[in-house]
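Scroll down for the structure; my scribbles are underneath it.
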Amino acid sequence: TKHAGFYFAPSKGGGLWEWDLLPRKMNFCAVVSRYPEAYHDESGAGNITWSEKAGHFKSDFKKHVFYDWHRRMNLLDHFFHPETRLEDFKKASYGEQGDFVLGEYSAATARGPQGLTVSLARDGAVWTGDKRAGIRVEKNVLLGTDGSWEAVYRVTNSGPEKTGSLWFAPELLFSFSSPAVCPEGERRDVSALKFEDPVWGAVELSFSEPVLLWAFNLDTVSRSEEGIEKTYQGSVLAPGIKKVLEPGGAFEFTVKARPA
């Protein structure tokens with residue numbers, strides 16, 4: 001669009017992996033995911049020269065090392081295990097009940113008076129207890145002429161039986177300038193909120209219904225001239241809702257992100 005560039009990955013969860021706000025010259029998805037490095041193990045760490053500045057990580061840096069099993073991006077569609085906690089999600093060590101995060105989505109585009117719409121869909125499955133439910137996820141993402149985006153979800157039970165409780169949470173990602181912009185933690189009954197970034201400007205989020213909102217800092221542990229350091233990459237959010245679907249039943253959910 002005139003004010004923003006949007007890049008999707010239909011073959012990798014149908015995610016939005018780049019959101020360029022052209023007037024601000026900023027990509028709000030510009031983060032580095034957490035992958036293994038040679039110096040993360042004990043033998044590699046032993047060969048590092050430690051400075052006073054980074055020395056506090058010498059004994060406990062392993063507690064901050066977590067690895068992502070997928071690339072971090074917006075609009076990845078999670079179905080959490082009912083016992084999942086925020087800390088589990090932060091560590092990327094939890095029960096993913098669906099096959100959508102790494103799955104392939106069909107993709108189509110259409111232009112309308114409000115802008116370009118990217119339509120993504122996948123027929124997959126979600127486990128609830130010991131039952132596998134056929135689930136279809138559709139997301140129509142309107143790319144606004146003002147640089148905003150709005151994802152309208154429709155989640156349908158395509159199977160013959162009633163589902164158990166589905167805990168649906170599309171992943172959101174923003175490369176803010178500081179972790180202070182989006183404090184970690186759990187917020188309940190959130191319908192809208194605004195992040196004031198003193199460097200890159202504000203972003204507003206809104207949801208079609210109140211959500212349980214999780215947020216954590218995406219930190220990488222890397223080696224520099226100062227030794228082992230933890231670097232803030234951005235903030236990961238998960239707005240969660242829980243639904244039960246009858247055969248053929250569906251629910252809709254909308255997420256909107258707007259530069260403010």
Side-chain angles (χ1 to χ4, degrees), residues 1-31 71-79 98 100-101 103-124 135-156 166 168-176 182 190-197 200-211 213 215 234-241 243 250-260:
T1 69
K2 182 179 180 181
H3 296 289
F6 303 90
Y7 300 85
F8 290 84
S11 64
K12 297 180 180 179
L16 172 63
W17 60 270
E18 187 166 339
W19 176 27
D20 297 325
L21 290 179
L22 303 182
R24 302 184 190 180
K25 299 180 180 179
M26 170 60 178
N27 171 18
F28 264 108
C29 302
V31 303
R71 179 172 177 174
R72 292 290 178 181
M73 61 181 92
N74 276 296
L75 302 179
L76 294 180
D77 304 325
H78 295 282
F79 288 88
F100 293 88
V101 174
E104 184 169 355
Y105 282 65
S106 64
T109 60
R111 189 171 296 276
Q114 295 182 301
L116 182 70
T117 297
V118 178
S119 298
L120 300 134
R122 173 175 171 77
D123 291 301
I135 298 293
R136 179 175 176 82
V137 173
E138 301 167 274
K139 46 189 172 186
N140 295 318
V141 188
L142 173 64
L143 309 179
T145 56
D146 61 350
S148 66
W149 57 261
E150 182 179 35
V152 179
Y153 277 93
R154 183 176 178 83
V155 179
T156 304
L166 303 175
F168 177 65
E171 182 169 321
L172 305 177
L173 173 72
F174 302 101
S175 53
F176 295 124
C182 178
V190 177
S191 296
L193 70 169
K194 184 177 183 179
F195 301 106
E196 299 277 3
D197 193 315
W200 301 118
V203 173
E204 291 181 345
L205 277 181
S206 60
F207 311 104
S208 57
E209 64 179 89
V211 301
L213 184 66
S235 294
V236 177
L237 297 93
I241 57 174
K243 303 287 184 179
F251 68 85
E252 293 189 349
F253 178 64
T254 301
V255 182
K256 183 172 184 178
R258 185 180 73 87

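Because the structure is predicted, anything quoted here is derived from the model rather than measured.
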Legend entry - Worked verdict on Leu116 versus Leu142 for side-chain contact (heavy atoms from CB on, under 4.5 Å): CA-CA 6 Å; Leu116 182 70; Leu142 173 64; over 6 Å; no
Legend entry - Rounded distance (nearest 0.5 Å) linking atom CG of Asp146 with atom CD of Gln114: 10.5 Å
Legend entry - Check: Leu76 and Phe100 side chains under 4.5 Å, non-hydrogen atoms: no
Legend entry - Salt-bridge criterion met for Lys139 and Glu150 (N-O under 4.0 Å): no
Inset, instruction - Indicate yes or no for a side-chain donor-acceptor contact from Thr109 to the backbone of Val118 under 3.5 Å, with no hydrogens or angles considered. - result: no
Inset, instruction - Consider only side-chain N and O atoms of Asn140 and Tyr153, and report whether a donor and an acceptor are under 3.5 Å apart. - result: no
Legend entry - Partners passing salt bridge (Lys or Arg N to Asp or Glu O under 4.0 Å) against Asp123 (at least two apart in sequence or in another chain): Arg136
Inset, instruction - Find out whether Phe174 and Leu237 are in side-chain contact, i.e. whether some heavy atom of one side chain is under 4.5 Å from a heavy atom of the other. - result: yes
Inset, instruction - Could you tell me whether the side chain of Ser175 and the main chain of Asn27 form a donor-acceptor pair under 3.5 Å? - result: yes
Inset, instruction - Can you see which heavy atom on Gly201 is nearest to which on Phe28, and at what distance? - result: O-CZ, 4.3 Å
Could you list the donor-acceptor pairs under 3.5 angstrom formed between side-chain atoms of residues 9-25 and any protein atom two or more places apart in sequence or on another chain?
{"residue": "Trp17", "atom": "NE1", "partner": "Phe8", "partner atom": "O", "Å": "3.3"}
{"residue": "Trp19", "atom": "NE1", "partner": "Gly147", "partner atom": "O", "Å": "2.9"}
{"residue": "Arg24", "atom": "NH1", "partner": "Trp200", "partner atom": "O", "Å": "3.0"}
{"residue": "Arg24", "atom": "NH1", "partner": "Ala202", "partner atom": "O", "Å": "3.1"}
{"residue": "Arg24", "atom": "NH2", "partner": "Ala202", "partner atom": "O", "Å": "3.2"}
{"residue": "Arg24", "atom": "NH2", "partner": "Ala260", "partner atom": "O", "Å": "2.9"}

Legend entry - Contact check, side chains of Phe207 and Thr254, non-hydrogen atoms, under 4.5 Å: no
Legend entry - Closest heavy-atom pair and its distance - Leu173, Cys29: CD2-O, 4.2 Å
Inset, instruction - Specify the closest pair of heavy atoms between Ala169 and Ala238, including all atoms of both residues, with the distance to one decimal. - result: CB-CB, 4.2 Å
Inset, instruction - Answer yes or no: does atom CD of Glu204 have more than 12 heavy-atom neighbours from other residues, nucleotides or ligands under 6.0 Å? - result: yes
Legend entry - Side chains of Val211 and Phe253 in contact at under 4.5 Å (non-hydrogen atoms): yes
Inset, instruction - Any chance you could measure Lys194, atom NZ, to Leu205, atom CG, to the nearest 0.5 Å? - result: 12.0 Å
Inset, instruction - Check whether any side-chain heavy atom of His78 sits under 4.5 Å from a side-chain heavy atom of Phe168, and report yes or no. - result: no
Legend entry - Smallest separation among heavy atoms of Asp197 and Phe176, with atom names: OD2-CA, 3.4 Å
Legend entry - Gap separating the CG atom of Leu166 from the CD1 atom of Ile241, nearest 0.5 angstrom: 9.5 Å
Inset, instruction - Please examine the side chains of Ser206 and Ser191, heavy atoms only from C-beta on, and report whether any two atoms are closer than 4.5 Å. - result: no
Legend entry - Thr156 and Ile135: CA distance, side-chain angles, deciding distance, side-chain contact (heavy atoms from CB on, under 4.5 Å) verdict: CA-CA 6 Å; Thr156 304; Ile135 298 293; over 6 Å; no
Legend entry - With sequence neighbours excluded, residues passing salt bridge (Lys or Arg N to Asp or Glu O under 4.0 Å) with Arg71: none
Inset, instruction - Could you check if a side-chain atom of Val236 sits within less than 4.5 angstrom of a side-chain atom of Glu171, using non-hydrogen atoms only? - result: yes
Inset, instruction - Could you tell me whether the side chain of Leu75 reaches within less than 4.5 Å of the side chain of Trp149, counting heavy atoms only? - result: yes
Legend entry - Cationic N near anionic O, under 4.0 Å, Glu138 to Arg122: no
